[in-house]
Amino acid sequence: MNNSIMYFLKISSKSPSNDDLYDLLELETTFNLCIDDVINLKNKPYCDKLVEDYKTYFFKIIGRMFISDDDHENNGGVLTLVMEPYFVK
């Protein structure tokens, strides 16, 4: 994907055992995702498992964490998006 942004996704819910199963998913997009955006993961290969574990494939971004490492390999704006299950009304 040209000019894309790589995000890592971390799920935060009332079920930490499920959350650990999905630590850390990757998402590549050209869109600048922010807090309160809702992500539709229906087309991801792990969608069926998400629906089984969380009863939805929609997730709302509740936080953004900048990733830094000692080797400075991932400092180019890579973010972890913390998200929670979201139920469309």
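The first residue of the sequence shown is numbered 1, and numbering continues consecutively from there.
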**Report entry** Any M83 side-chain heavy atom under 4.5 Å of I35 side chain
**Finding:** no
Requested in this report: Provide the closest heavy-atom pair for P85 versus S12 in the form atom of the first, atom of the second, distance.
Outcome: CD-O, 3.8 Å
Requested in this report: For the pair L79 and F8, evaluate side-chain contact (heavy atoms from CB on, under 4.5 Å) and give the outcome as yes or no after the intermediate values.
Outcome: CA-CA 6 Å; L79 292 170; F8 293 103; over 6 Å; no
Query raised in the report: Are Y86 and V82 connected in the hydrophobic side-chain network, where two residues link if heavy atoms are under 4.5 Å apart?
Result: no
Query raised in the report: Mind checking whether Y7 and I39 sit in one hydrophobic cluster, side chains of I, L, V, M, F, W, Y counted as touching below 4.5 Å?
Result: yes
Requested in this report: Group every Ile, Leu, Val, Met, Phe, Trp and Tyr by side-chain heavy-atom contacts under 4.5 Å, then state whether L81 and F66 land in the same group.
Outcome: yes
Report task. Would you check if L9 and E26 make a side-chain contact, meaning some heavy-atom pair closer than 4.5 Å? Result -> no
Query raised in the report: Does any donor atom in the side chain of E28 or S4 lie under 3.5 Å from an acceptor atom in the other side chain?
Result: yes
Query raised in the report: Are L27 and L21 grouped together when hydrophobic residues (ILVMFWY) are joined by side-chain heavy atoms under 4.5 angstrom apart?
Result: yes
Report summary line: One should read off an interatomic distance between L25 CG and I11 CD1, to the nearest 0.5 angstrom, of 5.5 Å
Query raised in the report: Under 4.5 Å between side-chain heavy atoms, hopping through other hydrophobics if needed: is there a path connecting F58 to F87?
Result: no
Report task. Taking side chain to side chain contact (heavy atoms under 4.5 Å, CB included) as the test, write out the residues that go with D37, two or more places apart. Result -> F31, L33, C34, I61
List the atom pairs, donor and acceptor, that lie under 3.5 Å between side-chain atoms in residues 44-54 and the rest of the protein, sequence neighbours left out.
from : atom 1 : to  : atom 2 : distance (Å)
D53  : OD2    : Y22 : OH     : 2.6
Y54  : OH     : N18 : O      : 3.4
Y54  : OH     : D19 : N      : 3.1
Y54  : OH     : D19 : OD1    : 2.6

Requested in this report: Could you list the residues that satisfy salt bridge (charged side-chain N to carboxylate O under 4.0 Å, His left out) with D20, not counting sequence neighbours?
Outcome: none
